[in-house]
Amino acid sequence: MDIADFYGHVRPDACPGALQVHTAADGALARIRIPGGALSATQLREVAACSAELGSGVIELTSRANLQLRGLPSADAPSATEAGAFAARIAAVGLLPSETHERVRNILASPLAGRVEASLVDVRPLVTALDRGLCASPELTGLSGRFLFALDDGTGDLLSIGADVTFLATSSSGGLLRLGGATAGIPVLVDEVVPSMLAAASAFLELSDGTAWRVGDLPDGPALLASRLLHGGPVASRDLGGAPGGPCREIASLRAPDARVVPQRDGRVALEVVVPLGRLSADQARALADVADEVRVTPWRTAVLPDLRPEDVERVADELTTVGLVTGSGTAWAGLSACTGSPGCAKSLADVQGDARRWAMGTREPSTPAVPDGVLVHWAGCERRCGRPKGEVVDVVATPTGYLVGHGRKTEKTEKTETRGDM
Ligand code: SF4
């Protein structure tokens with residue numbers, strides 16, 4: 001879709017996908033949508049193979065739990081056959097179920113839904129149903145590649161993400177539907193969640209009429225959408241006693257990622273692994289696929305391996321540590337992020353990933369302030385600060401003469417050019 005900006009200029013939605021790639025300084029950049037962040041070992045192996053054989057050999061985890069490959073052949077290059085080969089290869093393992101809807105399948109889900117005690121609703125079947133519903137609707141191809149759905153199982157781990165339509169479970173039978181940044185939610189039963197989310201997306205398209213990419217871009221968007229749903233949508237008959245719905249709990253900052261072992265209800269455990277700077281090498285991706293049948297990537301750029309036997313965890317952690325993944329808590333890698341930087345981004349003033357790595361490994365020490373526990377650190381190659389997490393962050397920003405370090409809450413909106421949507 002296109003959108004008219006403040007001055008009435010029409011700007012196309014350039015959010016990349018697996019087919020509509022973005023041309024970066026280091027080649028074509030493709031983003032593969034991973035609803036719920038769930039990948040089978042077979043799928044992850046194929047992505048690793050594509051990355052190594054067709055791209056730069058690096059798989060980036062995005063803040064929407066999608067995967068991004070860089071350095072791919074562009075469609076108009078002499079190697080266009082290879083560009084087509086990439087799409088065909090990921091389609092063959094089920095990662096491109098719809099060519100028309102590939103960029104709108106933006107669905108986050110609590111990574112441990114249905115497995116841990118705190119999980120009130122197993123949202124995994126809802127992810128599948130929502131994805132199918134999206135792909136079955138011709139009109140919803142009109143959503144932008146930035147429009148985001150989130151299914152929170154009641155743990156509250158997705159509340160700070162700021163999705164356009166969020167379901168928050170509050171009991172085993174239902175929860176609240178939150179629209180944009182609204183503080184109140186509409187009560188919904190579990191059976192109503194997917195129809196309500198699809199109805200909200202349709203209503204958004206109708207109300208925005210091509211003038212907005214996200215609910216927050218629409219004046220009074222949350223209130224207008226709620227009104228549509230309550231007067232003619234799947235929850236129209238809900239008796240709210242005149243109130244707009246129940247209050248959503250306070251929104252916490254995005255949690256600092258850390259490695260951990262989480263007990264599951266069934267006696268097994270899940271291992272959460274920190275991926276340094278959110279970038280997996282092909283070898284690291286293969287190592288993850290070798291030790292688990294399923295891997296869940298998260299919006300905080302970690303990888304979760306569920307359903308492990310407790311007696312296997314130490315061995316699995318050792319194997320992953322050997323390839324450079326972080327399985328112990330409290331390291332400098334937890335909460336450390338960086339934008340693409342040089343050479344991938346032409347705007348960058350430094351190799352921020354290399355510098356951030358050297359800093360984390362203790363071989364470079366810019367004059368950063370002391371970082372309190374749980375505070376995130378973000379390195380950026382220019383003032384745009386792409387990929388900066390929300391909340392309290394220490395910023396390390398490249399300038400022509402070195403890095404500038406700042407500590408605080410940045411609230412102003414930053415225009416992003418190099419990385420779009422969910423970096
Ligand atoms: S902040 Fe964004 S535009 Fe600036 S160097 Fe990094 S990726 Fe490029």
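For clarity, every value in this text was computed on a predicted model and none was experimentally measured. Whatever order the structure lists ligands and atoms in, that order sets their numbers, starting from 1. As a basis for the values below, the full set of heavy atoms in this structure was taken, side chains included, without hydrogen atoms, waters or symmetry mates.
Heavy-atom proximity to atom 2 (Fe) of ligand 1, evaluated over A338, A380, C386, is greatest for C386.
The side-chain contact (heavy atoms from CB on, under 4.5 Å) search around V397 returns E383, R385, D395, not counting sequence neighbours. Listed by chain and number, the residues in a ring pair (Phe, Tyr, Trp, His ring centres under 6.0 Å) with F149 are F147 (sequence neighbours excluded).
Among the atoms of C382, an N, O or S atom is found under 2.8 Å from atom 4 (Fe) of ligand 1. Within the 2.8 Å limit, C339 places no N, O or S atom next to atom 8 (Fe) of ligand 1.
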List the steps and the verdict of salt bridge (Lys or Arg N to Asp or Glu O under 4.0 Å) for D122 and R115. CA-CA 8 Å; D122 184 354; R115 288 183 163 109; over 6 Å; no

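Only the backbone of R385 comes within 4.0 Å of ligand 1, counting heavy atoms alone; no side-chain atom from C-beta on gets that close.
A side-chain N or O of N106 and one of R33 form a donor-acceptor pair less than 3.5 Å apart.
Interface atoms of ligand 1 facing S348, defined by a heavy-atom separation under 4.0 Å, are 5 (S). Numbered from 1 in the order shown, with element, the atoms of ligand 1 that lie under 4.0 Å from a heavy atom of R384 read 3 (S).
Separating the CG atom in L67 from the CG atom in L44 is a distance of 7.5 Å, to the nearest 0.5 Å.
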